[in-house]
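The structure appears below as structure tokens.
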Amino acid sequence: MQRYSLFSLARNALSGHRNWARAWRSPPLQPAYDVVIIGAGGHGLATAYYLAKEFGQKNIAVLERGWLGGGNIARNTVTIRSNYMRDESIPFYVKSVAMFEDLTRELNFNMMHSKRTMVDVVQTYSRMRELRRRQLTMDIYGSTYEPISTEELRRRIPALTGGGPDARLPILGGMVHTDAGVNRHDAVAWGYARGADALGVEIHQKTAVQSLIRGADGAIAGVQTNRGKVRAAKVVVAVSGHTTTVTETAGLKLPLRTMNLTAFVSEPVKPLVDVIVNCPDSGFYFSQSDKGEMVIGGAPDAGQSFRRDIKQTVFEDTVTAMLSLFPAFQKLKLMRQWGGHLDIAHDASPIMSKTDVAGLFITAGWWGGYKAIPAGGLTLAHLVARGEPHPLMAAFTLERFRHLDFVMESGTTTAR
Amino acid sequence: MLLIPCPFCGPRNESEFAHGGPVRARRPDPDAVSDAAWVEYLTVTPNPQGPVQEHWWHVRGCGTWLTLWRDTTSHDIVKGPDDA
């Protein structure tokens, strides 16, 4: 692997940037691998990387229907945080945030990580009580959360001029999560792909998995793709919203529903907001990117959806809510809009698990899975290599449904 | 925006309705089925890439519950298998 450094940049500048090595190879597709990972997104690539690096697996293929990093890793709002609710969730996300902060060094790829604090704007007393409770749980597990007054909130976010005493939902105070940050989503996909490739992982783009193949004993035997059959004793499904579409080809039913989540981006403006602003009672959140764009996210569409676009009603509701707190944003022009479909489990917590089909693993139910990419990849690699769940994710297997031992999570974007 | 056919009010805007989730399998007798089948009934909902039957509540209208078939890839309200 060609290392990136100031020296390599200077040397390549002298040769007109014509001699950079390709970040990853495009090898021919083999008929069999030890492990096949479906989906070259964040979780698929991170799992491949840690399988090769931490668990010594070499014969791995990542199969991607479209192009590398073109799914939900390109369709999120790059918010990295660990302010969750449940004892099972917080240590997992604390680990993930710590891994993200070290990822530039780990992968020799500039993640443009910007640790910039998340501020929750609280507008109802029930939310205030819930977040205070969350603060006490987070204190136990080494995450940071602290209350601030309305005056301090307005001092930190000068653009927050709405929500006064006469508003329908006056601002009551705020909560500050200093561990939160943002980074560059493409760099995460490309960095993991380059790192995995250097360790011998093969990445095959434009290779669509059409169905899972089971052997005579019922165990997984491989996958059928548009480029032919690929045999493997272990198959990992890391395809976000299409999880049930893929697993149903092996006759496996899962407690997942696919939803569409919306985001949009404004024109770039001068630095105005230096924290991630989350307004759970109004139903939107945003941060300002390094380029100056406001990156805005809202609520999911009502009902299941496999569409990757924005719904007019959801868009209007989100903008209306935003303008009630940030009336100056009325002058902002919006540049791009998109949606991503993701699946949510019955209890809103992720599923990283073996399945009833021997050799078939899933990583699904990621509602805000971007922040979980490093820890998700590491712990899933542990499960695939060792056959036993990693302690950080032992609560997130399919076993919890068998015993109705749910991890009801309310720290996700949407409180159900 | 969906235009949802309410049996009492006719076609009305989606914003008058609340989504009530997909129509699930009939509740089995818990004593008559295995634990696995009972857990599946409790947790697994249909998640097709295509038509799904779902409940909607005309909460900001006449208050009735209705079911319709909607395509999850196009969002169009479509004819269900049992529709006349």
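Note that the structure is a prediction, hence the values are computed from the model and not measured. Proteins come first, then strands; the chains are lettered A, B, ... in the order of their sequence lines, and each starts at number 1.
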Atom [atom1] in [X], atom [atom2] in [Y]: separation rounded to 0.5 Å?
| X | Y | atom1 | atom2 | result |
| --- | --- | --- | --- | --- |
| A:Asp301 | B:Glu14 | CG | CD | 8.5 Å |
| B:Glu40 | A:Arg402 | CD | CZ | 11.5 Å |
| A:His403 | B:Asp35 | NE2 | CG | 10.0 Å |
| B:Thr43 | A:Phe401 | OG1 | CZ | 6.5 Å |
| B:Thr73 | A:Arg308 | OG1 | CZ | 13.0 Å |

Using only atom types and a distance under 3.5 Å, with no angle test, would you say the side chain of A:Arg307 pairs donor to acceptor with the backbone of B:Thr72? no

If we define contacts as heavy-atom pairs under 4.5 Å, which of A:Thr313, A:Leu254, A:Thr258 has the most with chain B? A:Thr258

Using a cut-off of under 4.5 Å on heavy-atom pairs, state which of B:Ala18, B:Pro48, B:Ser15 scores highest against chain A. B:Pro48

Most contact-rich option vs chain A, by heavy-atom pairs under 4.5 angstrom, among B:Pro22, B:Gly50, B:Gly21, is B:Pro22

More than 12 heavy atoms of other groups within 6.0 Å of [X] [atom1]:
| X | atom1 | result |
| --- | --- | --- |
| A:Trp67 | CH2 | no |
| A:Arg65 | CZ | no |
| A:Trp338 | CH2 | yes |

If one checks every heavy atom of B:Trp56 against chain A at 4.5 Å, the contacting part turns out to be side chain

Sort A:Ser305 into side chain, backbone, both or neither according to what part of it lies under 4.5 angstrom from a heavy atom of chain B. both

Which portion of A:His341 sits near chain B, non-hydrogen atoms under 4.5 angstrom: neither

Are any non-hydrogen side-chain atoms of A:Lys311 and B:Met1 less than 4.5 angstrom apart? no

Looking at side-chain heavy atoms only, is the closest gap between A:Gln304 and B:Asn47 below 4.5 Å? yes

Which heavy atom in B:Thr45 sits nearest to a heavy atom in A:Leu256, and how many Å separate them? OG1-O, 4.2 Å

